[in-house]
Engineer: 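If you scroll down you'll find the structure; I have some questions about it.
These numbers come from a predicted model, not from an experiment. Chain letters run A, B, ... following the sequence lines, proteins first, then strands; residues in each count from 1.
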Number of protein chains: 2
Amino acid sequence: MPHAHTHSLEDNLSAAAQWCAKRGEKLTEQRREVLALLLSAPGSVKAYDLLAAIQKQKPTAAPPTVYRALDFLVAAGLAHKLESKNAFVACCDFEHPHHGVMLICNQCHTVKELTDPVLEARLAEDAKAWGFSVAPQDIEVKGLCANCRHGDGEAQA
Amino acid sequence: MPHAHTHSLEDNLSAAAQWCAKRGEKLTEQRREVLALLLSAPGSVKAYDLLAAIQKQKPTAAPPTVYRALDFLVAAGLAHKLESKNAFVACCDFEHPHHGVMLICNQCHTVKELTDPVLEARLAEDAKAWGFSVAPQDIEVKGLCANCRHGDGEAQA
DNA sequence: GGCGCTGATGTTATAACGTATCAAACATCT
DNA sequence: AGATGTTTGATACGTTATAACATCAGCGCC
């Protein structure tokens, strides 16, 4: 059975740092801080909320501060951008780069990542019928997560 | 074989007006104008580009003018919002309300709508395995359309 | 023929999201 | 030390979207 992602925040951050190092890049302090915020959040987080959090420790931080960190994290596979919500979420399994399906809860904003090769193949096939070639990307799907469906889904982030 | 959507702009607009009437709503002049712009564009269009076009005839138009029209058109099924691009596109077949797959060309910005019940079923099934219930929505998929793949895809809109 | 209701529009202002630009700091290599 | 490349700081700006409130047009009604 797969490991249960019980890593502590620190474990995740050092694994991320190693992952960057392997790619010849650095998880600098700012990037680390943004990633820590994403990992700590229960769901997705908006860029300006990250900015506000960072400004508590570093009042001079400006939008480019956080957008640069986010761009880096997304490029490194450490985070995903949810285009349909203008929000960001830590990647649950950056060691295995993937594009898949993001199940986004409309109520609590949590995100479940999954991959389904059958689904992807079907999509590519449908597209091919129109001569369209699909680029690698995440598919964003909105709905209600199990918790929120059962009525105990208090709004979180 | 299916009809080839060779309708003229006027045909489309009057069909849309009837569609609205059937729903107890009105395709007012502003809404009609925005829809006409969407129908005439080769691909998706940004809200502020629509605004600029409208301002040529009516210089007092402001952002709410166009956003209100767009909200109406989307709610009525006459247009789709492409969330991943912050752009809008006319619906190709509003008489048959649907949510499906939008194949968005990264180069020429054209959009091909399609539906695939098998794909949707598979997606719903995947989600269900996690207790997640999928809401009706369009799936946005980016890539390259047939034209642009073959090198004759000059940038359009 | 005026009254009140409703939906649509006008108008101003502002919120929310994101980028360009250029300079300064820092690291790394030789 | 000096050259080079990357990261950060800081200001300003561009883009996308909505809040809030006033006004207007149509329509049923008495």
Side-chain angles (χ1 to χ4, degrees), chain A residues 16-17 20-38 44-76 78-89 104 109 140 157, chain B residues 16-17 20-35 37-38 41 44-76 78-89 104 109 140 157:
Chain A
C20 290
K22 202 183 291 180
R23 293 164 42 95
E25 298 176 316
K26 286 174 232 167
L27 190 68
T28 62
E29 187 49 32
Q30 287 188 358
R31 293 163 182 175
R32 185 184 155 93
E33 207 169 336
V34 170
L35 180 55
L37 288 167
L38 289 179
S44 59
V45 191
K46 299 239 169 197
Y48 273 67
D49 291 340
L50 293 168
L51 177 56
I54 287 173
Q55 284 176 330
K56 286 180 184 168
Q57 299 177 337
K58 189 176 213 284
T60 65
T65 307
V66 59
Y67 279 105
R68 287 199 275 232
L70 287 168
D71 286 348
F72 173 88
L73 294 173
V74 169
L78 294 166
H80 299 276
K81 174 167 188 178
L82 302 182
E83 295 187 310
S84 66
K85 300 186 78 94
N86 295 322
F88 298 83
V89 66
I104 305 169
H109 308 120
E140 298 180 21
Chain B
C20 291
K22 201 182 293 180
R23 294 165 43 96
E25 297 176 316
K26 286 174 231 165
L27 189 68
T28 62
E29 187 48 33
Q30 286 188 359
R31 293 164 182 174
R32 184 184 156 92
E33 206 169 339
V34 169
L35 180 56
L37 288 166
L38 289 179
S44 59
V45 191
K46 300 245 171 193
Y48 274 68
D49 291 341
L50 292 169
L51 177 56
I54 287 175
Q55 283 176 332
K56 286 180 184 168
Q57 298 177 338
K58 190 178 211 279
T60 65
T65 307
V66 59
Y67 280 104
R68 288 199 272 234
L70 287 168
D71 286 348
F72 173 88
L73 294 173
V74 170
L78 293 167
H80 299 276
K81 174 169 187 176
L82 303 182
E83 296 188 309
S84 66
K85 299 186 80 93
N86 296 320
F88 300 82
V89 67
I104 306 169
H109 308 122
E140 299 180 21

Engineer: How would you list, by chain and number, every residue that makes a side chain to side chain contact (heavy atoms under 4.5 Å, CB included) with A:A16, sequence neighbours excluded?
Structural biologist: A:L27, A:L35, A:L78, A:F94
Engineer: Mind checking salt bridge (Lys or Arg N to Asp or Glu O under 4.0 Å) for B:E83 and listing every partner two or more places apart, or none if nothing turns up?
Structural biologist: A:K142
Engineer: Go through it in stages, so that I can follow the logic: the residues are A:F72 and A:Q30, the test is side chain to side chain contact (heavy atoms under 4.5 Å, CB included), and I'd like the CA-CA distance, side-chain angles, deciding distance and then a yes or no.
Structural biologist: CA-CA 11 Å; A:F72 173 88; A:Q30 287 188 358; over 6 Å; no
Engineer: Just grab all the side-chain hydrogen bond (donor to acceptor under 3.5 Å, both in side chains) pairs involving residues 52-65 of chain A, residues at least two apart or on different chains.
Structural biologist: none
Engineer: To the side chain of B:T65, which of D:dG9, C:dT11, C:dA8 is closest?
Structural biologist: C:dT11
Engineer: Nucleotides 15-18 of chain D: which of its N/O atoms have a protein N/O under 3.5 Å away?
Structural biologist:
residue, atom, partner, partner atom, Å
D:dT16, OP1, B:K46, NZ, 2.7
D:dA17, OP1, B:K81, NZ, 2.9
D:dA17, OP1, B:N86, OD1, 3.1
D:dA17, OP2, B:Y67, OH, 3.0
D:dA17, N7, B:Y48, OH, 2.7
D:dA17, N6, B:Y48, OH, 3.3

Engineer: To the nearest angstrom, how far is B:K58 atom NZ from C:dG10 atom P?
Structural biologist: 3 Å
Engineer: Nearest-Å distance, CG (A:L70) to P (C:dT19)?
Structural biologist: 10 Å
Engineer: Which atoms of nucleotides 23-30 of chain C (N or O only) lie under 3.5 Å from a protein N or O atom, and what are those distances?
Structural biologist:
none

Engineer: Could you list the residues that satisfy salt bridge (Lys or Arg N to Asp or Glu O under 4.0 Å) with A:E33, not counting sequence neighbours?
Structural biologist: none
Engineer: Tell me every residue that passes salt bridge (Lys or Arg N to Asp or Glu O under 4.0 Å) with B:R68, counting only those two or more places apart in sequence or in another chain.
Structural biologist: none
Engineer: Ignoring hydrogens and geometry beyond distance, is the side chain of A:R68 in donor-acceptor contact with the base of D:dG9 at under 3.5 Å?
Structural biologist: yes
Engineer: Distance from B:K81 atom NZ to B:E140 atom CD, nearest 0.5 Å?
Structural biologist: 9.5 Å
Engineer: Please confirm whether the shortest side-chain N or O distance from A:T60 to OP1 or OP2 of D:dA10 is below 4.0 Å.
Structural biologist: yes
Engineer: A:I104 and A:V89: side chain to side chain contact (heavy atoms under 4.5 Å, CB included), yes or no, with the steps?
Structural biologist: CA-CA 10 Å; A:I104 305 169; A:V89 66; over 6 Å; no
Engineer: For A:R31 and D:dG9, what is the distance between atoms CZ and P respectively, to the nearest whole Å?
Structural biologist: 12 Å
Engineer: Check the distance between D:dA25's P and B:Q30's CD and give it to me in whole angstrom.
Structural biologist: 13 Å
Engineer: Starting from C1' on C:dG10, measure out to CD on B:E29 and report it in whole angstrom.
Structural biologist: 16 Å
Engineer: Only counting residues at least two apart or in another chain, list the ones meeting side chain to side chain contact (heavy atoms under 4.5 Å, CB included) with A:A53.
Structural biologist: A:L37
Engineer: To the nearest Å, how far apart are B:Q57 CD and C:dG10 P?
Structural biologist: 13 Å
Engineer: I need the CG-P distance between B:L51 and C:dT9, as an integer number of Å.
Structural biologist: 15 Å
Engineer: Nearest whole angstrom, please: distance from the C1' of C:dT9 to the CD of B:E33.
Structural biologist: 13 Å
